[in-house]
Amino acid sequence: MIQRLAHVALVVTDYDEAIRFYTETLSFDLIEDTYLPDQDKRWVLVSPPGGQSCNLLLAKASTDEQRTYVGNQAGGRVFLFLQTDDFWRDYEQMRQRGVRFVREPVEQAYGTVAVFADLYGNLWDLLGPAPQPAT
């Protein structure tokens, strides 16, 4: 048996502003943006550059209850984890593009990590590789 996570739904206020944030600010790729007329919604997938597994499904909140979860899908905890091959490159680029970091970078045994908020306030970890021991 082979299984994998294909998509994680992220409730957003507006498709276009979410697409702009993820593609222009975080440099994600827009994988698909298809209008579904029978449901009057869009199927919008974005993925980190070079991402080959799980995508984000940007799902526009359509009810008052759904709107209450925009920006707080994990109850204030870090919700998503963006792993990079070059922490400092991406951290600096994100800062220059206006990403708000709520916890500054720290070195951990598993790598370098900083916490940032997306445009709605969901918390993300930016994770870089662990330093390689000197040989």
Side-chain angles (χ1 to χ4, degrees):
M1 176 187 300
I2 298 174
Q3 297 180 338
R4 68 180 179 90
L5 287 178
H7 315 298
V8 173
L10 182 66
V11 182
V12 301
T13 302
D14 179 81
Y15 291 118
D16 294 323
E17 76 177 356
I19 290 169
R20 268 191 309 280
F21 177 80
Y22 285 99
T23 61
E24 295 175 12
T25 305
L26 296 186
S27 298
F28 281 30
D29 296 322
L30 178 61
I31 305 301
E32 184 173 354
D33 184 357
T34 303
Y35 178 65
L36 307 172
D38 57 324
Q39 298 175 39
D40 192 30
K41 66 181 182 181
R42 290 159 62 182
W43 180 262
V44 178
L45 295 173
V46 295
S47 179
Q52 297 178 353
S53 58
C54 190
N55 300 313
L56 280 182
L57 171 66
L58 303 179
K60 183 177 176 182
S62 59
T63 67
D64 287 340
E65 180 181 8
Q66 289 175 4
R67 282 186 276 281
T68 66
Y69 292 100
V70 172
N72 193 25
Q73 288 191 214
R77 294 190 58 126
V78 170
F79 175 52
L80 296 163
F81 301 80
L82 181 60
Q83 191 168 25
T84 177
D85 64 336
D86 186 330
F87 177 89
W88 293 106
R89 173 199 65 212
D90 293 345
Y91 172 75
E92 290 301 330
Q93 183 180 65
M94 290 167 71
R95 285 187 52 219
Q96 289 172 5
R97 291 181 178 172
V99 173
R100 181 174 60 93
F101 280 86
V102 298
R103 284 188 224 131
E104 292 303 311
V106 294
E107 300 288 334
Q108 301 288 352
Y110 54 84
T112 306
V113 61
V115 178
F116 69 93
D118 69 15
L119 77 162
Y120 297 112
N122 293 299
L123 298 180
W124 291 64
D125 270 1
L126 177 64
L127 297 168
Q132 298 300 312
T135 55

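In what follows, residues are counted from 1 in the order of the sequence shown.
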- Message: Would you say that L56 contacts L80 through its side chain, given a criterion of any heavy-atom pair below 4.5 Å between the two side chains?
- Response: yes

- Task: Decide yes or no on side-chain contact (heavy atoms from CB on, under 4.5 Å) for R89 and T84, but give the supporting numbers first.
- Result: CA-CA 9 Å; R89 173 199 65 212; T84 177; 3.4 Å; yes

- Are V11 and L57 co-members of a hydrophobic cluster defined by side-chain heavy atoms under 4.5 Å apart? no

- Query: Which distance, rounded to the nearest 0.5 Å, do you find between the CZ of F21 and the CD1 of I19?
  - Reply: 13.5 Å

- Task: Applying side-chain contact (heavy atoms from CB on, under 4.5 Å), run through V113 and F81 and close with a yes or a no.
- Result: CA-CA 10 Å; V113 61; F81 301 80; over 6 Å; no

- Separation between OG1 (T34) and NZ (K41), nearest 0.5 Å, reads 12.5 Å

- Steps toward side-chain contact (heavy atoms from CB on, under 4.5 Å) verdict (Y22, V44): CA-CA 11 Å; Y22 285 99; V44 178; over 6 Å; no

- Note on the structure: One should read off an interatomic distance between W43 CH2 and H7 NE2, to the nearest 0.5 angstrom, of 4.5 Å

- Query: Between atom CG of N55 and atom CG of L30, what is the distance when rounded to the nearest 0.5 Å?
  - Reply: 10.5 Å

- Query: Of all heavy-atom pairs between N122 and G71, which one has the smallest distance, and what is that distance?
  - Reply: OD1-C, 3.2 Å

- Out of curiosity, does V8 fall in the hydrophobic cluster containing L82 (side-chain heavy atoms, cut-off under 4.5 Å, transitive links)? yes

- Please assess E17 against Y120 for the test side-chain contact (heavy atoms from CB on, under 4.5 Å), listing each intermediate value before the final yes or no. CA-CA 10 Å; E17 76 177 356; Y120 297 112; 2.7 Å; yes

- Do the non-hydrogen side-chain atoms of L127 and Q108 ever get within less than 4.5 Å of each other? no

- Item | Salt-bridge contact R95-E92 (side-chain N to carboxylate O under 4.0 Å) | yes

- Exercise: do T63 and E65 side chains pair donor with acceptor under 3.5 Å: no

- Got more than 12 heavy atoms from elsewhere within 6.0 Å of CZ, R67? yes

- Task: Can you measure from CG (D14) to CG (L58) and round to the nearest 0.5 angstrom?
- Result: 10.5 Å

- Task: Considering non-hydrogen atoms only, spot the tightest contact between P49 and S27 and give its length.
- Result: CD-O, 3.3 Å

- Message: Are the side chains of V99 and L126 in contact, using a 4.5 Å heavy-atom criterion?
- Response: no

- side-chain contact (heavy atoms from CB on, under 4.5 Å) with F116: of L26, L123, V102, only one passes, and it is L26

- Message: Please tell me whether Y91 and F101 form a close aromatic pair, meaning their ring centres lie under 6.0 Å apart.
- Response: yes

- What is the minimum heavy-atom distance between C54 and R4, and which atoms define it? N-NH1, 4.5 Å

- Query: So how far is it from Q66 CD to Q73 CD, rounded to the nearest 0.5 Å?
  - Reply: 10.0 Å

- Item | Closest non-hydrogen atom pair, A109 against A130 | O-CB, 3.5 Å

- Flag if over 12 foreign heavy atoms under 6.0 Å of CZ, R100: no

- Message: Check this for me: Y35, atom OH, are more than 12 non-hydrogen atoms of other residues, nucleotides or ligands nearer than 6.0 Å?
- Response: yes

- Message: Do S47 and F28 make a side-chain contact, defined as non-hydrogen atoms from C-beta onward lying under 4.5 Å apart?
- Response: no

- Message: Does any part of the side chain of Y15, heavy atoms only, come nearer than 4.5 Å to the side chain of D33, both counted from C-beta?
- Response: no

- Item | Nearest heavy atoms of A18 and V12, plus distance in Å | CB-CG1, 3.9 Å

